[in-house]
Each structure stands twice: as C-alpha cells, then as structure tokens.
Colleague: 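The structure's right below; bear with me while I get my questions together.
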There are 2 protein chains.
Amino acid sequence: MLDGEERTLVDRVVREVFALLLSSEIPLGGQLNEAALAARFKVSRGPIREAIKQLQGRGLVIKEPYLKARVVSLSLPDMIEIFQLREAVEGMSVRLATRAMSDSELDEMLDAFSAAREAGRAVDLDLHVRIAEGCGNDRIRALLCDELYYLLRLYRARSADRPGRREDAFTEHWQILRAMRARDGELAESLMRAHIGRATRSLETLLAQQAATTDQG
Amino acid sequence: MLDGEERTLVDRVVREVFALLLSSEIPLGGQLNEAALAARFKVSRGPIREAIKQLQGRGLVIKEPYLKARVVSLSLPDMIEIFQLREAVEGMSVRLATRAMSDSELDEMLDAFSAAREAGRAVDLDLHVRIAEGCGNDRIRALLCDELYYLLRLYRARSADRPGRREDAFTEHWQILRAMRARDGELAESLMRAHIGRATRSLETLLAQQAATTDQG
DNA sequence: TTTCGAAAAAGTGTTGACACTTTGACGGCA
DNA sequence: TGCCGTCAAAGTGTCAACACTTTTTCGAAA
C-alpha cells in the first residue's frame, strides 16, 4: 500500500504525509492543518481531507468534527495496547502460515534470515511481514501490514532503539522459523506469543520506570 | 459509533448507508453509486465520498480508483477469515477483561445473562461487546466493536440463523463468565477460543457442503 | 487586575462545477 | 462472422467558493 503505484493524488498525499510523520517534521500529537498541507503539496483541500481520513483509518491520526486532526501520540500505554493486540493476532498469523506456506517458501525465508543474521542486518519487521503475507488470511494480513506495522515503524523512528534485545530476538525468530518448518503450528504460535509478550513486558517495565521517575521529580 | 450523536452530515450518511446494507436494499457485492446516494439523501457527493471511505475503513466496502465502490461480498471464506481473527482477538479480549473488570461489573453481566437466558433472548453479540468494552484496551475494543461486529451483524442479517447451536452457546458463554468471575484469565481465554473455534468449524463444514453441492450440480 | 462576553480570525464541513478515467456500444476491416 | 480501434456515456477525482463551528482576541465592567 505504501509503495504501490499511485493512481490518484490522494495516494501520493498519503505517502508524503506519512513521510512527514516518519521524519519528525510533524511531531507526535501535533496537528495537521488541511490548508497548510494543501499549499505544501500543491493540491486542493479535497485530496488532503481524503488522505487524512485514510490515515485515520490506519490509526495514525485522530480527529473529531470541526477540530484539527492530531497525529496519534504513541505514548507507552498506546504501544502496550498495540503489542497486546499483536500478541493475539500474530500468534494466529504464524499458526495459519505454518499450515499455508509451502516448503520452498519456508526455506526461502530461512535462507534470507540466515543471510541477514550473518550480515548483521535487523530483520524483525521483515520477518513478521512475510509471515503475515503467507498466512492466507487477508484480513489478518491487512490488519498487521496496513495498520499495526505502520504504527510500529512510526514508534521506532521516534524512540531510540534499545540494543541488547537484538541477540535474543534472533534466537526467538530462529525458533519460530524452525517450528514452522517442522509444521508445528501450536508451537509456532506459542513461541510467537512469547516473543511478543517479552517485548510487551519490556515496555511495561519502561512505563513503570517512567512513572517512578515522574514521582521523584 | 453507530448510535452516537451526529454532528456532521457524514455521520448521518454512514448510518443510513449501513441501514441500507442491513435491509438488503443494496445486495452484498452490489455497487454504490455516489451520485445516486447523494440524490437519495439530499446531500452533495462530498459527504457521500467520505462516508464510503469510512465504511471502507471498517471493511464493509471495497473500492479502487475510478471504479464504483462495491459492498463486501461476505462469502463463507470471508466469514471464516473473520472468525479466525475473532478467535485470536477475543481470546485476548476476555483475558484482559478478566483482569480489568470489577467484581460488580462481572456480577452485573452474570445477572443480565441469567435474565436473558430465562427470557429466551439471545445475548451472543451483547456479551462479546461487553467483554470488549471491559478489556481496557481501546484498540482491541475498536477493532471488535467498530469493525468485526458490524460485519457479523451484516452477515447474520443475510444468512438465516441456524438454530440448534443456541443451547450449546448458552452453556459456553456461561462457562466463560464463570471463569472470568473466578479470575482465571487463561481458562477464560481458552474457553473463548474454543467457543469461536467451534463456530469457525461449523462455517467450514458449511463451506464443504456447498462445494459438494456445487460439484453435483 | 481579573473576569466575562462579544466580535473577529482561523479552520473545518459542504457544495456544485469541471477534469480525468473507465466502460460499453458502434462501425470499419480482415 | 469475428476482432480491433474509436467515440459517446457514465462515473469518479479534483478544485475553488461558501457555510458553519471553534478558537482567539480585545475591550468593558466588576
């Protein structure tokens, strides 16, 4: 959706506005002025309005009648909500993918994963996307790829990546892939839920620390 | 969202168009003509376009540039996808609600459930809505109440309800409520998943029968 | 000085007209 | 007869102007 060909102005505006969010030019929680965006992108307010509606549909923007649209705040509690949802949906996603993906598709994923590991590249989101695309349930794929992963990218673009989890994450991903290859959907599901659950608890810890700091100050 | 006050024309149009879908005036898979709807509701095409975008966001309408918007078909495979997603999300919903809801809220739900059972009223969707509202995760609540349950209502308005499952469903719901009251989130989650899983398999059986019939004819 | 209220400014909601794309029908050509 | 290109009709995409709501400003009264 993000990189598909653009047949209308609306599509282009959606992409450009999202880029604005990623680049921090518009801060989280900031406001979107229709007229200003229209002037910037050299289009009228119509396409801007539709683009905002679309971003609203993906949960990136919040809006009430007659009030300016606000970029979602993506506070820590927001992210915890998103991770709870991911834990449930991605568990199902990997279970379905374990049944639906062919041997060659899985092998290709394993190869790509090993290559990335050796190159030291992060593959986290890539892997989750591939699984969602392979699960065969288009509604689940759309929820993950067109909504939640957008929010995740936006969040990561803002919060400095905490290292340390990197090696653990590699191991966890590897186990998930092995379970898929062994066609053990149950195991793959619980590994995925544990994987995301760990990330959730890490966010909850962070939240508790923030609260403690705030109390002190 | 459906019954909130309406501050703009768009809100009214969304409600009216959804009523049109529920009443079968526009068939599943049918087309939405912007100009025709505008004439019918005595508004210009702008609000119609926004309403369609909003319905698209809820998965009720599918649209591509320059082509007429189509009402979602809600075929059996579509419903199976939706039920797979529900199984995952509602499992998490009831688990969170088990932790988040107060004793009095749970007791009230149990009372309402018993009353409905004696009166012979169906409470299926009601119960699921209450749980989603009580889970404390607004993103999950919105996904269930503002998207999936709309689709479910639409589907049920079209397909004659198969009886027989009614008594079983009562028992299953009762067990879920008991587990919540006992504050056993794990149990509540697996009961909910089993509950929805059974419905999913019933749909899959129906699909297999349809396929068989089609092959014969 | 502070508070309340009215008026102006800013911004979103709605509209009708025009531009572009798709679809289906018609006629020429093999 | 069947196929392909052209053209008209239907329908969606975009725009600029106007209507309504919200927010801010500013002045008068307590």
Side-chain angles (χ1 to χ4, degrees), chain A residues 1-21 25-73, chain B residues 1-21 25-73:
Chain A
M1 189 77 104
L2 183 68
D3 37 11
E5 79 260 51
E6 296 162 3
R7 309 193 47 199
T8 70
L9 285 181
V10 176
D11 297 336
R12 199 193 84 206
V13 172
V14 168
R15 185 173 52 75
E16 300 214 29
V17 171
F18 184 64
L20 244 52
L21 302 188
E25 187 156 345
I26 298 176
L28 292 184
Q31 297 186 332
L32 298 174
N33 183 321
E34 292 180 1
L37 290 172
R40 167 157 191 161
F41 297 137
K42 303 273 199 297
V43 298
S44 96
R45 277 177 48 219
I48 301 287
R49 289 176 62 81
E50 296 226 356
I52 288 179
K53 259 270 177 306
Q54 208 161 317
L55 292 168
Q56 190 182 354
R58 294 187 197 180
L60 288 163
V61 159
I62 298 171
K63 186 161 184 337
E64 283 188 76
Y66 295 108
L67 301 180
K68 285 190 216 178
R70 292 199 330 275
V71 182
V72 75
S73 63
Chain B
M1 189 76 106
L2 182 68
D3 37 10
E5 79 259 52
E6 294 162 2
R7 306 192 48 197
T8 70
L9 285 182
V10 177
D11 297 337
R12 200 194 84 204
V13 172
V14 168
R15 185 174 50 76
E16 301 215 29
V17 171
F18 184 64
L20 244 54
L21 302 189
E25 187 156 345
I26 298 176
L28 293 183
Q31 297 187 333
L32 298 175
N33 183 322
E34 292 181 2
L37 290 172
R40 166 158 192 160
F41 298 136
K42 302 273 199 296
V43 298
S44 94
R45 275 179 49 219
I48 302 286
R49 288 177 64 81
E50 296 225 358
I52 288 178
K53 258 268 177 307
Q54 209 161 318
L55 291 168
Q56 191 182 354
R58 294 187 196 179
L60 288 163
V61 158
I62 299 170
K63 187 165 184 337
E64 283 189 77
Y66 296 109
L67 300 181
K68 286 190 218 179
R70 290 199 331 274
V71 181
V72 74
S73 62

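Convention: sequence-line order gives letters A, B, ...; per-chain numbering from 1. Below, all heavy atoms of this structure are taken into account, side chains as well, without hydrogens, waters or symmetry copies.
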Colleague: Could you give the CD-to-P distance, from B:Gln54 to C:dG13, as a whole number of Å?
Modeller: 11 Å
Colleague: Do the side chains of B:Leu20 and B:Leu37 get nearer than 4.5 Å, heavy atoms only?
Modeller: yes
Colleague: Taking side chain as C-beta onward, heavy atoms only, is B:Val10 less than 4.5 Å from B:Pro47?
Modeller: yes
Colleague: With sugar-phosphate meaning primed atoms plus P, OP1 and OP2, does A:Gly46 contact a base, only sugar-phosphate, or nothing at under 4.0 Å between heavy atoms?
Modeller: nothing
Colleague: Residues in salt bridge (Lys or Arg N to Asp or Glu O under 4.0 Å) with B:Glu64, at least two apart?
Modeller: none
Colleague: Quick check: does any side chain N or O of A:Arg12 sit under 3.5 Å from a backbone N or O of A:Phe41, one acting as donor and the other as acceptor?
Modeller: yes
Colleague: Restricting to side chain to side chain contact (heavy atoms under 4.5 Å, CB included), what partner residues turn up for A:Val72, sequence neighbours left out?
Modeller: A:Ile62, A:Leu74, A:Leu151
Colleague: What does the B/S/- profile of nucleotides 8-13 of chain D look like, 5' to 3', with a 4.0 Å heavy-atom cutoff to protein?
Modeller: ---SBB
